[in-house]
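Residue numbers count from 1 along this sequence. Values in this document were obtained by computation on a predicted structure and should not be read as measured data.
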Amino acid sequence: TGENFSDEQQQAQTTGLGLNGKVDYRFLPSLELKAAAGVSMQSGYAQSRFGDNTPQSGVTLKEAVVVLKPIQRVSISTGAIDQGHLAAPLLVNDQPFPGVKERVLLGTRAFNVEFKAQQTIPTSKSLSTKAVEAEVSPSFTTETLAVRTEAISNLELLVFATHFAFRNLPSTVAIESERFGNSVTPLSANRSRFKYEFDGYVAGGGAKLDLTSGLAWAVEGQVIQNTKADQSYGSGQSITTNLVIALPGDVDLKPWGGTFFTESDVTPGFYNSSKIGHNNRQGWSAGLDATFRRAGFKAGLEYVSSDLINPSALQSRLSYFQLKLETLYDVL
């Protein structure tokens with residue numbers, strides 16, 4: 001991969017190589033282990049005011065859960081749960097939170113209803129210079145209802161709604177999130193707290209239409225609302241659209257684009273997407289993915305332009321660019 005990040009206060013250019021692996025091992029018909037991890041090596045140049053956009057190398061854990069299926073279509077997962085299952089980057093980025101997830105799936109492929117809930121601990125690290133007393137364990141809980149259908153020929157539809165709540169977030173998360181757009185109240189030199197609690201919902205949906213045998217069009221969008229924040233502080237939304245074009249030689253092209261905005265206190269900035277600049281942001285993104293199935297690799301370009309909704313001394317306009325190459329082989 002190659003990445004370029006820049007705003008008025010910091011910039012970084014990095015290149016890297018990564019290797020990812022997955023494990024899916026079944027102990028019993030009703031008990032299995034699922035894990036995903038990777039190792040990355042990055043090098044580059046970084047001039048960072050805050051130190052969070054610097055080249056990093058090491059081992060990363062994406063998910064590691066034990067899944068119990070007491071009855072058909074019911075599962076209970078415990079361990080490090082990948083938050084990508086929420087598909088809500090304005091709320092929380094793809095990262096593992098330790099906890100428990102329950103899931104019930106009813107219906108058929110043509111029409112199904114899914115309910116899932118999770119009770120997790122959002123990850124953070126409190127340095128001894130910032131934590132002056134013992135803090136209550138934080139929590140992040142969600143409840144999601146999703147409905148999918150393929151009953152209409154050549155058309156797939158999805159609608160979903162998720163309730164979310166962050167509780168007892170530590171002072172260090174508030175301190176870090178202030179530079180990501182959140183409203184924070186200083187308590188002392190080493191302690192701060194969020195001005196608003198985080199309790200709300202994400203709702204959205206999507207549609208995919210097969211126009212011809214070699215052309216498909218898709219659109220998806222979502223809105224997010226923190227019901228604990230004042231008006232003009234707790235809303236966000238995004239919409240993206242793409243085409244999938246099948247070319248000769250088992251090559252698929254996927255041009256895509258979208259727009260977004262996320263107000264200052266819709267969610268803790270410490271946990272949501274860094275590509276768009278976290279909170280207090282509005283902008284657009286575009287990209288092109290190319291999948292070469294016969295050759296066994298995939299290439300992608302992505303660009304994000306993100307500006308501020310309200311002026312901030314800790315934030316500025318930013319741009320993000322990524323070039324990515326990856327293999328499609330499960331085993332090299």
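- Taking a cutoff of 4.0 Å between a charged side-chain nitrogen and a carboxylate oxygen, K275 and E302 qualify as a salt bridge.
- Side-chain atoms of Q315 and H278 form no donor-acceptor pair, as typed in the model, at a separation below 3.5 Å.
- Under a 3.5 Å cut-off, the side chain of Q95 and the backbone N or O of Y271 do form a donor-acceptor pair.
- The CG atom of D252 sits 10.5 Å away from the CG atom of D289 when rounded to the nearest 0.5 Å.
- A donor-acceptor pair shorter than 3.5 Å cannot be found between the side chains of T141 and Q119.
- With hydrogens and angles ignored, the 3.5 Å screen pairs no side-chain donor or acceptor of E326 with any backbone N or O of K298.
- Residue S171 holds its OG atom at 10.0 Å from CD of E176, rounded to the nearest 0.5 Å.
- A distance-only check finds no donor-acceptor pair linking the side chain of N280 to the backbone of N182 [under 3.5 Å].
- The CZ atom of R148 sits 12.0 Å away from atom CG of L157, with the distance rounded to the nearest 0.5 Å.
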Full working for side chain to side chain contact (heavy atoms under 4.5 Å, CB included) between V65 and E63 | CA-CA 6 Å; V65 294; E63 185 175 50; 4.1 Å; yes

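- Without hydrogens or angle criteria, Q118 side chain to V100 main chain gives no donor-acceptor distance under 3.5 Å.
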Going through the distances and angles, do T267 and N272 end up as a side chain to side chain donor-acceptor pair (under 3.5 Å)?
-> CA-CA 8 Å; T267 186; N272 68 351; 5.4 Å; no

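- Ring orientation note: the planes of W284 and Y303 are tilted relative to one another, at an angle of 30° to 60°.
- By the 4.0 Å N-to-carboxylate-O rule, E102 lies too far from K116 to be salt-bridged with it.
- Counting only distance, with no hydrogens or angles, the side chain of T291 and the backbone of R293 share no donor-acceptor pair below 3.5 Å.
- Rounding to the nearest 0.5 Å gives a distance of 5.0 Å between OG1 of T142 and NE2 of H85.
- For the 3.5 Å distance criterion, the side chains of R317 and S305 qualify, holding a donor opposite an acceptor.
- Judged by distance alone, the side chains of N279 and S264 never bring a donor and an acceptor atom under 3.5 Å apart.
- In this model, a donor atom of one side chain and an acceptor atom of the other lie less than 3.5 Å apart for T241 and W217.
- Of the possible polar contacts, one joining the T212 side chain to the G214 backbone as a donor-acceptor pair under 3.5 Å is found.
- A distance-only check finds a donor-acceptor pair linking the side chain of N226 to the backbone of D199 [under 3.5 Å].
- Each of I121 and L169 belongs to its own hydrophobic cluster when Ile, Leu, Val, Met, Phe, Trp and Tyr are linked at side-chain heavy-atom distances under 4.5 angstrom.
- Ring planes of F97 and F140: perpendicular class, angle over 60° (limits at 30 and 60°).
- Here the closest non-hydrogen pair linking S316 and R281 is O-NH1, 2.7 Å.
- Side-chain atoms of R191 never come within 3.5 Å of backbone atoms of L187 as a donor-acceptor pair (strictly under, hydrogens ignored).
- Side-chain atoms of S177 come within 3.5 Å of backbone atoms of F270 as a donor-acceptor pair (strictly under, hydrogens ignored).
- A donor-acceptor pair under 3.5 Å links the side-chain atoms of D82 to the main chain of G84, judged by distance alone.
- Annotation: the span from Y201 atom OH to E143 atom CD amounts to 15.5 Å, rounded to 0.5 Å.
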Trace of the side chain to side chain donor-acceptor pair (under 3.5 Å) decision for D230 with Y196 = CA-CA 8 Å; D230 291 345; Y196 303 104; 3.1 Å; yes

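- For the residue pair Q222 and S238, no side-chain donor N or O sits within less than 3.5 Å of a side-chain acceptor on the partner.
- By the 4.5 Å heavy-atom criterion applied to side chains, F164 and L86 are not counted as neighbours.
- Rounded to the nearest 0.5 Å, atoms CG (L253) and CG (L215) are 11.5 Å apart.
- For the side-chain contact (heavy atoms from CB on, under 4.5 Å) with L90, the qualifying choice from V266, I276, V223 is I276, the only one to do so.
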